[in-house]
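Structure record follows, encoded as structure tokens.
Starting from 1, each residue takes its place in the sequence as its number. Predicted, not measured: the structure shown is a model, and the values here were computed from it.
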Amino acid sequence: MTNILISGASIAGTTTAYWLRRHGFTVTVVERAPALREGGYKIDIRGAALQVIERMGLMDAVRARSTDMRVATHYDAKGRPVATMDAALFGGRTGDDVEIMRGDLNELLYELTRDEVEYIFDDSITGIADDGTVTFERSQPRAFDLVIGADGAHSNVRRLVFGEEERFARHLGHYISICTVPNTLGLDREEAVHAAPGRTANVYSTRQDTGAKALFMWSSQPLAYDHRNVTEQKELLARAMDGTGWEVPGLLAAARDAKDFYFDSVGQIHMDRWSKGRVVLVGDAAYCASPASGQGTSLAIVGAYVLAGELAAGDGVDGYERELRGFVAANQALAEANLKGMVIPSRLALWVQIKVIKLIPHLPGRDRMVERIAGPIHRAANAISLKNYME
């Protein structure tokens, strides 16, 4: 096995491409978008994923692009500040993780691979035969020894080979939308948050961003909509957040003009097997943990590293599954617990949350409390012992 095709040029795809090249494989990456996707939201790299970043020689570059977030302020419906917490609390940080914009991380990964990996943009896989012959929307058919689906939670490769998404998707009762908006609040490495029963709006601006990102999350049963119809998704967002106070009406107006609008259910992917024949899945395509877990990027990075390493070591996809299953399970388990603090169901629960946020800075043993809050995340982030495959 020497010639490998990866579908998807996001974090899982570019990281897998890097490690496969390091192990001597010939790699082609096909990406539906016309160019590398920029922007995106802020993400965390923790635990074992940081070890992978270190082994790639990217640690200094990643830290140089960190968001450097300082503080988050909660506001009531009339725009009055009601509670403030520092980055250690609202980020669940204990010093051994890094927060970076998704687009910045993927650009660093792409730059590591662009000279040694063939990238085909503005194209997509239409079929994968048992003998490894792959057909494309635009390119001529080609034969590969292995096809890797790194194309996200709504994976095209998974649909073609394993079946429809409904077989593997698990809805967690919420939806999320993120887009770029003008920084009308003058935020500087800070977040502004307003929560209402069943709905949360969050605006933040990072160290290297003159604009801002708006993030909306709300409780909802599964919605029927077209994943590619952005206009329809913007209408669904507007209806879900209608009647919410604070700055939300202006943010919704800005979202209508956003070019980088993101909308999706908060859900997970659960599969009994991540491989079939000449095809294997990695990242969200195989084991999406949802944004609520805070570990999607770290899962993609570690999964890519382990997949490439096990292929090089000769244990192949069986070794990949064996090494990674426990790590995936630990990180997927974070999502539902985290959601309870992200979208609050009642006014009473909101009142209690604000009171707790206001009290924490004045309580003895604050650092131990931060450790307790961050503990489950960091235990999951380190729930794997990484082999050194380069040895």
Ion pair check, [X] and [Y], cut-off under 4.0 Å:
| X | Y | answer |
| --- | --- | --- |
| R46 | E99 | no |
| E165 | R159 | no |
| K213 | D260 | yes |
| R273 | D318 | yes |

Any donor-acceptor pair under 3.5 Å linking the side chain of [X] with the backbone of [Y]?
| X | Y | value |
| --- | --- | --- |
| Q268 | Y287 | no |
| E31 | Y119 | no |
| R158 | A285 | yes |
| H23 | A313 | no |
| R138 | D122 | yes |

From [atom1] ([X]) to [atom2] ([Y]), nearest 0.5 Å:
| X | Y | atom1 | atom2 | result |
| --- | --- | --- | --- | --- |
| L236 | T231 | CG | OG1 | 11.0 Å |
| N382 | N331 | CG | CG | 9.5 Å |
| L5 | I128 | CG | CD1 | 7.5 Å |

Quick one: do [X] and [Y] end up in the same hydrophobic cluster if we chain Ile, Leu, Val, Met, Phe, Trp and Tyr together by side-chain heavy atoms under 4.5 Å apart?
| X | Y | result |
| --- | --- | --- |
| L215 | W246 | no |
| I43 | V203 | no |
| Y41 | L109 | yes |
| I344 | V248 | no |

Test side-chain contact (heavy atoms from CB on, under 4.5 Å) applied to L108 and R65, step by step: CA-CA 10 Å; L108 292 173; R65 297 201 189 192; 3.8 Å; yes
Parallel, tilted or perpendicular, as decided by the 30° and 60° cut-offs, for the rings of [Y] and [X]:
| X | Y | value |
| --- | --- | --- |
| F162 | F168 | perpendicular |
| F121 | Y110 | perpendicular |
| Y175 | Y225 | perpendicular |

Step through the shown structure and confirm whether more than 12 heavy atoms of other residues, nucleotides or ligands are within 6.0 Å of [atom1] on [X].
| X | atom1 | result |
| --- | --- | --- |
| D60 | CG | no |
| D272 | CG | no |
| K387 | NZ | yes |
| E336 | CD | no |
| E38 | CD | no |
| D131 | CG | yes |

Can you name the closest pair of heavy atoms from [X] and [Y] and give their distance?
| X | Y | value |
| --- | --- | --- |
| A143 | N3 | O-ND2, 3.2 Å |
| I45 | L50 | O-CG, 3.6 Å |
| F216 | A201 | CD2-CB, 4.1 Å |

Residues N106 and T14: side-chain donor-acceptor under 3.5 angstrom: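 The answer is yes; a qualifying pair exists.
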Check: [Y] and [X] side chains under 4.5 Å, non-hydrogen atoms:
| X | Y | result |
| --- | --- | --- |
| M85 | H74 | yes |
| H194 | E247 | no |
| Y204 | T67 | no |

Ring-ring centroid check Y305 Y389, cutoff 6.0 Å: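 Centroid separation for Y305 and Y389: below 6.0 Å.
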side-chain hydrogen bond (donor to acceptor under 3.5 Å, both in side chains) evaluation trace for R170 with S290: CA-CA 10 Å; R170 181 181 299 175; S290 87; over 6 Å; no
Stepwise side-chain hydrogen bond (donor to acceptor under 3.5 Å, both in side chains) check, T126 with T135: CA-CA 5 Å; T126 58; T135 54; 2.8 Å; yes
Test log, rule side-chain contact (heavy atoms from CB on, under 4.5 Å), inputs W218 and S177: CA-CA 9 Å; W218 65 98; S177 182; 4.2 Å; yes
